[in-house]
Number of protein chains: 2
Amino acid sequence: MDASAPKPNYPKLADFMCFAVYSTNLAYGRAYKPILEALGVTYTQWIAIVALWEDDHQTVSTLGEKLFLESNTLTPILKKLETLGYLRRERDPKDERQVIVSLTQAGRALREQGAQKTLVKATGLEPEEFRVLQKAIVKLRTNLLHHAADPAD
Amino acid sequence: MDASAPKPNYPKLADFMCFAVYSTNLAYGRAYKPILEALGVTYTQWIAIVALWEDDHQTVSTLGEKLFLESNTLTPILKKLETLGYLRRERDPKDERQVIVSLTQAGRALREQGAQKTLVKATGLEPEEFRVLQKAIVKLRTNLLHHAADPAD
DNA sequence: TCCGATTTAATCGGATCCGATTTATATAGG
DNA sequence: CCTATATAAATCGGATCCGATTAAATCGGA
């Protein structure tokens, strides 16, 4: 090869939107770790409990829609939370294909206990700034999920 | 328990900043999947190649700082990319503790091939909107990584 | 010089995340 | 009624991600 071949001037990794999201997700995981460790659950387990606290007695599919996960990921997590005593998994008698997931009293207590420990201050953002950014990220998520497969995008 | 006990009015999961970042990261992974599948690499493998293309001949630690990963995650990925022929891993003769990672010609070619396929349009954002949001997310990441462990934040 | 402390990768086990498949149940059409 | 199709959850293998530990090399002070 030609050692003097000019290197194309591509955008830097540090300016990639995907990498900003990816690495910020890693940062959140690390910031949350000590808090959730004290509660005895992982991040994904925690958001499952929060979602159930908002709407109890959901099917695995319905819960998965809210968490953007499917049964292949959710089932093992829900089984783990069941062994921990935070929820129940019961087949729906009306349709045995479905599994209804419900928080136990311990599960509700855990969510209310964890409510005291948020990372709002750790974001270093003013309330309005926080609100605007959160909505912008959600808009980005919606666009990514809805975008048509376009060969030249 | 008291079945009529009022349910506290906590923020909704849909308004959590952490969940916006988490779920948007999932959305990016899904949007990128077909593109990277055509290239034959995963997302993490891809950003490792991009980072090496920008600065070649880095140690595992230095590369890890840029990717926000450590050797426990990076080593298996780099080994995989080595077997795929995209990079070389060589102990530094000056300090045998360190491993120098370098792209092969095939690795550079892959990065330049993938440069044509970005998801900028899929974000549905105007250029200025994109730039502002990207910087805001990076700022959030920085704040999260630097925040002092505060019991009441 | 010598040996304890430090540094760097690598290894290991546990928990996601995902594509693909399987199992069980429900539904619809003949 | 009976079967082909559809749907929901579970299972499985591969690839991260991380805390904790290990192995090897280097450094530094007595």
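Because the structure is predicted, anything quoted here is derived from the model rather than measured. Here is how names work: the chains are called A, B, and so on, in the same order as the sequence lines, proteins then strands, and each is numbered from 1.
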*Can you tell me how far the CG atom of Leu110(A) sits from the CG atom of Leu84(A), to the nearest 0.5 Å?*
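Going from CG on Leu110(A) over to CG on Leu84(A), the span is 9.5 Å.
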*asked:* Once rounded to the nearest 0.5 Å, what's the spacing between atom CG of Leu87(A) and atom CD1 of Ile100(A)?
replied: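 Interatomic distance, Leu87(A) CG to Ile100(A) CD1, rounded to 0.5 Å: 12.5 Å.
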*On DNA chain D, check which nucleotide each of Ala27(A) and Thr62(A) is closest to and give me the residue with the more 5' one.*
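Counting from the 5' end, the first nearest nucleotide belongs to Thr62(A).
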Closest non-hydrogen atom pair, [X] against [Y]:
X: Pro11(A); Y: Phe16(A); result: O-CE1, 3.5 Å
X: Leu103(B); Y: Arg108(B); result: O-NH1, 3.4 Å
X: Leu13(B); Y: Ala51(A); result: CD2-CB, 3.9 Å

Grab the [atom1]-[atom2] distance between [X] and [N] for me, whole Å please.
X: Tyr28(A); N: dC17(D); atom1: OH; atom2: P; answer: 19 Å
X: Leu67(A); N: dC17(C); atom1: CG; atom2: P; answer: 10 Å
X: Glu70(B); N: dC17(D); atom1: CD; atom2: P; answer: 13 Å
X: Lys94(B); N: dA25(D); atom1: NZ; atom2: P; answer: 17 Å
X: Phe68(B); N: dC18(D); atom1: CZ; atom2: C1'; answer: 16 Å
X: Leu78(A); N: dT11(D); atom1: CG; atom2: C1'; answer: 15 Å
X: Asn25(B); N: dC17(C); atom1: CG; atom2: P; answer: 9 Å

*Side-chain N or O of Ser71(B) less than 4.0 angstrom from OP1 or OP2 on dA9(C)?*
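So the side-chain polar atoms of Ser71(B) never come under 4.0 Å of the phosphate oxygens OP1 or OP2 of dA9(C).
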Which pairs of donor and acceptor atoms, one on a side chain in residues 136-144 of chain B, lie under 3.5 Å apart (sequence neighbours left out)?
from	atom 1	to	atom 2	distance (Å)
Lys139(B)	NZ	Glu129(A)	OE2	2.6
Arg141(B)	NH1	Ser23(A)	OG	2.7
Thr142(B)	OG1	Val138(B)	O	3.0
Asn143(B)	ND2	Thr123(A)	O	2.7
Asn143(B)	ND2	Lys139(B)	O	3.4

*Is it true that Arg131(A) and Glu128(A) make a salt bridge, defined as a side-chain N closer than 4.0 Å to a carboxylate O?*
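Yes, charged N to carboxylate O under 4.0 Å.
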_Check ion pair Asp95(A)-Arg97(A) (N to O, under 4.0 angstrom)_ =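 Result for this pair is yes, salt bridge flagged.
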*Watson-Crick and G-U pairing of DNA chain D, under 3.5 Å, as dot-bracket with | and [ ]*: ||||||||||||||||||||||||||||||
*Quick one: list whatever passes ring pair (Phe, Tyr, Trp, His ring centres under 6.0 Å) with Tyr32(A), sequence neighbours left out.*
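Checked Tyr32(A) against ring pair (Phe, Tyr, Trp, His ring centres under 6.0 Å); matches are Tyr43(A).
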Which atoms of nucleotides 12-16 of chain D (N or O only) lie under 3.5 Å from a protein N or O atom, and what are those distances?
from	atom 1	to	atom 2	distance (Å)
dT16(D)	OP1	Thr42(B)	OG1	2.8
dT16(D)	OP2	Gln45(B)	NE2	3.0
dT16(D)	O3'	Thr44(B)	OG1	3.3

*Report the residue (Ile47(A) or Pro93(A)) whose heavy-atom-nearest nucleotide on DNA chain C is the more 5′ of the two.*
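Looking at the nearest nucleotide for each, Ile47(A) comes out on the 5' side.
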*Donor-acceptor pair, side chain of Gln134(B) and main chain of Phe19(A), under 3.5 angstrom*: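 Checked: no pair found.
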Show the atom names and distances, to 0.1 Å, of all donor-acceptor pairs under 3.5 Å that link a side chain in residues 64-77 of chain A to residues at least two apart or in another chain.
from	atom 1	to	atom 2	distance (Å)
Lys66(A)	NZ	Gln58(A)	OE1	2.8
Thr75(A)	OG1	Ser71(A)	O	2.9

_Please classify the nucleic acid contact of Leu74(B) as base, sugar-phosphate, or nothing, using heavy-atom distances under 4.0 Å._
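No contact at all - Leu74(B) keeps every heavy atom at 4.0 Å or more from the nucleic acid.
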Quick test: give all pairs of protein nitrogen or oxygen and nucleotides 1-8 of chain C nitrogen or oxygen below 3.5 Å, distance rounded to 0.1 Å.
from	atom 1	to	atom 2	distance (Å)
dT7(C)	O2	Arg97(B)	NH1	3.3

